[in-house]
Amino acid sequence: MPGSPHVSRRGVIGAGLAGAASASLPQTSAATGLQRPNILWFVSEDNFPYIGAYGDKIAHTPAIDALASKGVLYRHAYASAPVCAPSRFAILTGVNAQSCSPAQHMRAEAGLPRQLRTYPEYMRQAGYYCTNNSKTDYNCDVEPARIWNESSETAHWRGRAPGQPFLAVFNTMTTHESRLFQPTAGRVKPRDIRVPAYLPDIPEVREDFASYYNLIEKMDGEFAAKMAELEADGLAEDTIVFYYSDHGGALARSKRYCYDDGLRCALIVYVPPKWRHLSPQAGGEVGTPISLLDLAPTLLSLAGVPQATQMQGKPFLGRDAVRSELAFGARDRMDERYDLVRTVTDGRYRYIRNYMPHRPWGMHGAFEWLAKNYQGWEREYLAGRLNAAQTRFFQPKPFEELYDLQSDRDQIDNRIADPALGAIARRLRRALDRQMIAINDNGFIPEGSPLEGYSESRRPGAYPLKQILRLAQMAARGDRRKLGAFEVALGHSNEVMRFWAATGLLILGKGAAQTKPKLVAMAGSDPSKLVRVAAAEALVRIGAEPAGVDFLIDLAQPTQTARVRLRALNALTENLAESGRALAVAKSAREDADEYVKRAGAYLTARLEGSYDPMTSNAAGIRRGSP
């Protein structure tokens, strides 16, 4: 973990603020007649806090450092998901994406139920002028034009009525993952980089890290310009400023992955003296965990708006401020690859639970593999030139992981079996179990099921989550003693129970060979085609490969729904079976209208044809600038 923050005094939040206050208009809500602070959010994409104020010695971020010198730096701030769309759903609603499936997947479009209102709606009701400039990516069917006064590339606080308080959000794409697909020259050189222990020390990794630092410096300049606008308008002393990133970093094994590099964010808040009564502390650091899920309730607290009961986050500023002890995170489908990971941290330790341990961390994703650091990493793996810590990414996962973030910055020493940390593991394990129940975690419902959704999954008897969690945990542990329980659950009336029973047999592999007749029947006739996919892959894993592969090929046909087809293609990819039918269905998937089916089909085709090369293949044919 980085050491004590190094804070630069240079920047735009500093001298001259007192003079600016005298020029500002009183910010009074017409709806209530109360004075309320302006609020400005500056949001950067995809960046772990490689920032001077967080102790990074090679970062050049004078404007953000200056904000930290006047404000509060949150040392342990975390996104609820290590990728933009699910994280932004949680920020928008104050509700975890996995409470409203399929919003937890990257990328999906959940139906936003009426009982989930968004923070700009609450703030507008309180009299605020609310603007968004300009990224939305909310992973649900909300219409930006309905919830914002303005959401566009020109949206700005300057469109408000005289004296009206504003909430202005500005997003920058400068540090987005896609900007790494071409090198960015600048102050930081490849030789300056510390290469994490899980990555090979190769030119591609060093160059991408250097580019990332240089992009962060450019982003810092954009932040400085926005702060200059605020001062020029005489609003600095009336405006609470937030700088944060929407999730962790963009480099290999960060974005999309449930380690600190993927979930930990920068978060700095400056509260001017006029509004200092709304902040528990005037400056310095907060060391307890903060979740970006807490941002929406924090806005309501700052504006004096009663807390919305459906919000699952907690306000950390304002009249209703409380202090959290834990931050939770989740990984589900990432683009074309299915996974299910849940995690919790107290800022010192991170506990991770992998519900799909039969899948490696490093499942090929077409978009992330456009980055040279991923390409070079896989090249070194295929050449056999990696050590154990670097190779692990391409291997199946353990069921549980536990890391001491203080002594193991790169999270390569899994201490889940260490008796010295037994009490910590039990505490975090229980906290995660309670959290999943409390938020009605929808992640165990296979995507595309009619049970998905905030309201649908809450219908009595529709989603027996406690029972499902017990079965899913038995499945992920791969305990052969539970074989009988899986066989019984194959006949359950609930499709989610049957799905996890089949997944348990899949993970047991040849140890579940005796279940072949039941799996054959299920793969051919279960009412849920998503369950059929799990049963078909289980057949492959227990050794009944021809039958299992034939079922998967049938389920990957263009006549199937996109999500059934994608799951089947995932299973075929992880259990490569060279056959004419498999190649034909992979090629047909390349022409599918669904982007993720198309990407999965392109990669599977390249693997089956033997043409895949991590350094030259852009098998999916996606453009380097596409999100």
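Because only heavy atoms are used, hydrogens play no part in the values below, and waters and symmetry mates are left out as well, while side chains stay in. Note that the coordinates shown come from a computational prediction; the quantities given were computed from them, not determined experimentally.
- Side chain of Glu207 to backbone of Glu204: no donor-acceptor contact under 3.5 angstrom is found.
- The two residues Pro280 and Leu317 have their closest heavy-atom pair at CD-CD2, 3.6 Å.
- Ser99 places a side-chain N or O within 3.5 Å of a backbone atom of Ile439 that can act as its donor or acceptor partner.
- If you check the side chains of His156 and Asn133, you find no donor sitting under 3.5 Å from an acceptor.
- A donor-acceptor pair is defined here as one N or O able to donate and one able to accept, closer than 3.5 Å; such a pair exists between the side chain of Asp141 and the backbone of Leu112.
- Atom OG in Ser101 sits 12.0 Å away from atom CZ in Arg333 (nearest 0.5 Å).
- Scanning both residues, Ala68 and Leu73, for their nearest heavy atoms gives CB-CD1, 4.3 Å.
- Checking Trp369 against Glu378 by side-chain atom types alone, a donor-acceptor pair falls below 3.5 Å.
- Ion pairing between a basic and an acidic side chain is recognised when a charged N comes within 4.0 Å of a carboxylate O; Arg337 and Asp332 show no such pairing.
- Contact check on Glu45 versus Arg179 returns no salt bridge, with no Lys/Arg side-chain nitrogen under 4.0 Å from an Asp/Glu carboxylate oxygen.
- The side chain to side chain donor-acceptor pair (under 3.5 Å) check on Tyr244 picks up nothing, with sequence neighbours excluded.
- Judged purely by atom type and a 3.5 angstrom limit, Asn139 uses its side chain to pair as donor or acceptor with the backbone of Ala103.
- Scored by the ring-ring contact (aromatic ring centres under 6.0 Å, His included) test, Trp148 finds Tyr119 as partners (sequence neighbours excluded).
- Among residues two or more places apart in sequence or in another chain, the ring-ring contact (aromatic ring centres under 6.0 Å, His included) test is passed with Tyr138 by none.
- Partners of Trp361 according to the side chain to side chain donor-acceptor pair (under 3.5 Å) rule, which considers only residues two or more places apart in sequence or in another chain, are Tyr259.
- A salt bridge between Asp201 and Arg194 is absent, with no side-chain N of the basic residue lying under 4.0 Å from a carboxylate O of the acidic one.
- With Ser301 contributing its side chain and Arg319 its backbone, the two residues share a donor-acceptor pair below 3.5 Å.
- With Thr61 contributing its side chain and Asp65 its backbone, the two residues share no donor-acceptor pair below 3.5 Å.
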Checklist entry - Can Ile240 and Leu40 be said to form a side chain to side chain contact (heavy atoms under 4.5 Å, CB included), step by step? => result CA-CA 6 Å; Ile240 297 174; Leu40 187 151; over 6 Å; no
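- For Asp320, there are no side chain to side chain donor-acceptor pair (under 3.5 Å) partners two or more places apart in sequence or in a different chain.
- Within 6.0 Å of atom CD in Glu143, 12 or fewer heavy atoms from other residues, nucleotides or ligands are found, so the atom counts as exposed in its surroundings.
- For Asp137, the side chain to side chain contact (heavy atoms under 4.5 Å, CB included) partners at least two apart in sequence or on another chain are Cys84, Ala85, Arg88, Arg107, Lys135.
- Put simply, the side chain of Ile39 does not reach to within 4.5 Å of the side chain of Phe166, judged on heavy atoms.
- Relative orientation of the His76 and Tyr78 rings is parallel, given thresholds of 30° and 60° on the angle between their planes.
- Side chain to side chain, Asn171 and Trp41 fail the donor-acceptor criterion of an N or O pair below 3.5 Å.
- For Phe42 and Phe170, the ring centers sit 6.0 Å or farther from each other.
- Between Leu180 and Ser211, the shortest heavy-atom contact is CD2-CB, 4.0 Å.
- Using a 4.5 Å heavy-atom threshold, the side chains of Leu326 and Leu428 count as touching.
- For residues 217-227, the pairs satisfying side chain to side chain donor-acceptor pair (under 3.5 Å) are Thr172-Glu222, Thr174-Glu222, Arg187-Glu217, Lys226-Glu229, with sequence neighbours left out.
- For the atom pair CG (Leu199) and CG (Leu251), the distance works out to 8.0 Å, reported to the nearest 0.5 Å.
- Residue pairs meeting the salt bridge (charged side-chain N to carboxylate O under 4.0 Å, His left out) criterion with at least one member in residues 163-178, sequence neighbours excluded, are Glu177-Lys255, Glu177-Arg256.
- Between Tyr374 and His364, a ring centre-to-centre spacing not shorter than 6.0 Å is recorded.
- Here CG of Asp208 is found 9.0 Å from NZ of Lys372. Values are rounded to the nearest 0.5 Å.
- For Cys265, the side chain to side chain contact (heavy atoms under 4.5 Å, CB included) test picks out Ala79, Ser245, Leu292, with sequence neighbours left out.
- Checking Thr184, Asp192, Asp56 one by one against Tyr213, the side-chain hydrogen bond (donor to acceptor under 3.5 Å, both in side chains) holds for a single residue, Asp56.
- Among residues two or more places apart in sequence or in another chain, the side chain to side chain donor-acceptor pair (under 3.5 Å) test is passed with Asn96 by Gln312.
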Checklist entry - Between Arg348 and Asp404, is a side chain to side chain contact (heavy atoms under 4.5 Å, CB included) present by the stated rule, with each step listed? => result CA-CA 6 Å; Arg348 167 68 188 274; Asp404 182 341; 2.8 Å; yes
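- In this structure a side-chain-to-backbone donor-acceptor pair under 3.5 Å is missing from Asp410 to Ile412.
- A donor-acceptor pair is defined here as one N or O able to donate and one able to accept, closer than 3.5 Å; such a pair exists between the side chain of Asn214 and the backbone of Val188.
- Note that NZ of Lys189 is 11.5 Å distant from CD1 of Ile193, once rounded to the nearest 0.5 Å.
- In terms of the ring-ring contact (aromatic ring centres under 6.0 Å, His included) criterion, Tyr454 has no residue partners (sequence neighbours excluded).
- Panel note: side chain Gln307, backbone Pro297; a donor-acceptor pair is recorded below 3.5 Å.
- Aromatic ring centroids of Tyr257 and Phe393 lie under 6.0 Å apart.
- Side chains of Thr298 and Asp294: a donor-acceptor N/O pair is absent below 3.5 angstrom, by distance only.
- Looking only at atom types and distance, the side chain of Ser254 has no donor-acceptor partner in the side chain of Asp261 under 3.5 Å away.
- Under the ring-ring contact (aromatic ring centres under 6.0 Å, His included) criterion, Phe316 pairs with Tyr74, not counting sequence neighbours.
- In the model, Gln310 has no side-chain atom that pairs as donor or acceptor with a side-chain atom of Arg117 under 3.5 Å.
- Here the closest heavy-atom approach between residue Cys100 and residue Ala110 is recorded as O-CB, 3.5 Å.
- Separation of atoms OG1 (Thr239) and CG (Leu230) is listed at 4.5 Å; rounding is to 0.5 Å.
- Arg75 places no side-chain N or O within donor-acceptor distance of the main-chain N or O of Gly287, the cut-off being under 3.5 Å.
- A distance of 9.5 Å separates CG of Leu370 from CD of Glu368, quoted to the nearest 0.5 Å.
- Nearest heavy-atom pair across Gln104 and Pro86 is O-CG, 3.6 Å.
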Item to check | Derivation of the side chain to side chain contact (heavy atoms under 4.5 Å, CB included) call for Phe367 and Ser178 | outcome: CA-CA 9 Å; Phe367 191 75; Ser178 59; 4.0 Å; yes
